[in-house]
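Below: the structure, in structure tokens.
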Amino acid sequence: MENKYTFFENVFDVVRQIPYGKVTSYGAIAKYLGSAKSSRTVGYAMNASHQLIPKIAAHRVVNRNGMLTGKHHFGGNEMQQSLEAEGHIIIDDKIQNFSTHYWDPTIELAI
DNA sequence: GAGGTGACGACCC
DNA sequence: TGGGTCGCCACCT
């Protein structure tokens with residue numbers, strides 16, 4: 001039986017499970033899906049996530065440094081405001097205490 | 001059908 | 001330490 005779920009679908013599924021107030025990285029999701037080097041595709045999936053209904057918490061996904069590299073794709077500082085609303089502190093487009101709020105799917109979802 | 005691109009990350013000088 | 005390169009997967013032209 002063919003697995004209809006693409007890498008894309010799996011990415012969305014993981015992002016939907018990110019708890020409120022938590023964040024993760026593109027690479028962590030890619031790694032969880034078994035393709036640690038596919039982080040670029042995860043980023044592309046986030047780009048496509050804007051047309052999903054309902055929208056997924058793409059703002060909770062940042063790069064491995066905790067930097068909001070994708071905020072321009074949200075339009076303005078919407079991404080930053082969303083994160084701040086969840087209790088995060090953003091300075092210079094970077095999440096402070098990133099490791100404290102880090103949510104690792106490879107651990108939390110434990111394949 | 002083929003080549004270029006991208007919200008990344010890891011490796012190699 | 002830091003700049004350059006490759007890999008991966010899906011989309012666009």
Side-chain angles (χ1 to χ4, degrees):
Chain A
M1 51 220 175
E2 56 247 70
N3 190 353
K4 292 292 186 180
Y5 282 106
T6 62
F7 196 89
F8 246 58
E9 303 282 353
N10 289 322
V11 171
F12 298 149
D13 197 47
V14 173
V15 176
R16 271 190 266 262
Q17 298 182 65
I18 302 176
Y20 180 93
K22 292 292 182 180
V23 292
T24 192
S25 69
Y26 303 98
I29 295 175
K31 187 175 182 181
Y32 170 75
L33 297 179
S35 301
K37 296 179 180 176
S38 303
S39 49
R40 296 188 64 155
T41 310
V42 176
Y44 199 88
M46 294 298 94
N47 187 30
S49 72
H50 287 288
Q51 58 188 3
L52 290 180
I53 304 295
K55 282 191 177 182
I56 62 177
H59 63 274
R60 291 180 192 156
V61 184
V62 296
N63 74 357
R64 78 176 203 86
N65 295 315
M67 197 139 38
L68 279 56
T69 50
K71 73 176 232 176
H72 298 296
H73 292 263
F74 275 78
N77 58 350
E78 184 180 322
M79 186 177 187
Q80 177 175 334
Q81 291 183 345
S82 296
L83 287 170
E84 290 180 333
E86 296 187 6
H88 298 292
I89 299 175
I90 315 298
I91 297 178
D92 197 24
D93 292 343
K94 188 175 172 186
I95 299 178
Q96 303 303 300
N97 300 317
F98 177 60
S99 59
T100 302
H101 301 285
Y102 186 66
W103 180 83
D104 191 344
T106 64
I107 297 176
E108 305 296 337
L109 299 183
I111 290 180

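Since the structure is predicted, the reported quantities are computational estimates derived from the model, not experimental observations. Chain letters run A, B, ... following the sequence lines, proteins first and then strands; every chain starts at 1.
- Remark: A/T24 engages A/I18, A/A28, A/I29, A/V61, A/Y102, A/W103, A/P105 in a side chain to side chain contact (heavy atoms under 4.5 Å, CB included) (not counting sequence neighbours).
- The stretch residues 12-25 of chain A has no heavy atom under 4.0 angstrom from DNA chain C at all.
- Under the ring pair (Phe, Tyr, Trp, His ring centres under 6.0 Å) criterion, A/H50 pairs with A/F74, not counting sequence neighbours.
- One can place CG of A/N65 at 16 Å from P of B/dA7, the figure rounded to the nearest angstrom.
- Residue pairs meeting the salt bridge (charged side-chain N to carboxylate O under 4.0 Å, His left out) criterion with at least one partner in residues 11-27 of chain A, sequence neighbours excluded, are absent.
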Practice task
Please step through side-chain contact (heavy atoms from CB on, under 4.5 Å) for the pair A/Y26 and A/T41, ending with a clear verdict.
Solution key: CA-CA 9 Å; A/Y26 303 98; A/T41 310; over 6 Å; no
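- Every residue meeting the side chain to side chain contact (heavy atoms under 4.5 Å, CB included) condition with A/N97, not counting sequence neighbours, appears here in chain and number order: A/T100, A/H101.
- For DNA chain B, the residues of residues 72-104 of chain A within the heavy-atom distance limit of 4.0 Å (strictly under) are A/H73, A/F74, sorted by number.
- Nucleic acid contact for A/H59: none, since no nucleic acid atom lies under 4.0 Å from a heavy atom of the residue.
- At a threshold of 4.5 Å between non-hydrogen side-chain atoms, the residues A/V11 and A/M46 count as touching.
- On the P atoms, C/dT5 is 16 Å away from B/dG4, given to the nearest whole Å.
- Between A/I95 and A/I90, some side-chain heavy-atom pair lies under the 4.5 Å cut-off.
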Close N or O pairs between protein and nucleotides 1-3 of chain C (under 3.5 Å):
none

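- Applying the side chain to side chain contact (heavy atoms under 4.5 Å, CB included) rule to A/I53 yields no partners; only residues at least two apart in sequence or on another chain are considered.
- The two atoms that bring A/A30 and A/F7 nearest to each other are CA-CZ, 4.3 Å, heavy atoms only.
- The salt bridge (charged side-chain N to carboxylate O under 4.0 Å, His left out) analysis of residues 34-50 of chain A, with sequence neighbours excluded, yields no pairs.
- In this structure, A/H88 contributes its side chain and A/Q96 its backbone to no donor-acceptor pair below 3.5 Å.
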Return a table of donor-acceptor pairs under 3.5 angstrom between the side chains of residues 76-84 of chain A and protein atoms on other chains or two or more places apart.
residue	atom	partner	partner atom	Å
A/Q80	NE2	A/E84	OE2	3.2
A/S82	OG	A/E78	O	2.9

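- With rounding to whole Å, A/M67 atom CE is found 10 Å from B/dC8 atom P.
- Within the structure, salt bridge (charged side-chain N to carboxylate O under 4.0 Å, His left out) contacts touching residues 48-73 of chain A (residues at least two apart or in different chains) are A/R60-A/E86, A/K71-A/D93.
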Handout entry: Contact pattern, 5' to 3', of nucleotides 6-13 of chain C - B, S or - by protein heavy atom under 4.0 Å
Key = -BBBSS--
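- A/N47 comes within 4.0 angstrom of a base, heavy atoms only.
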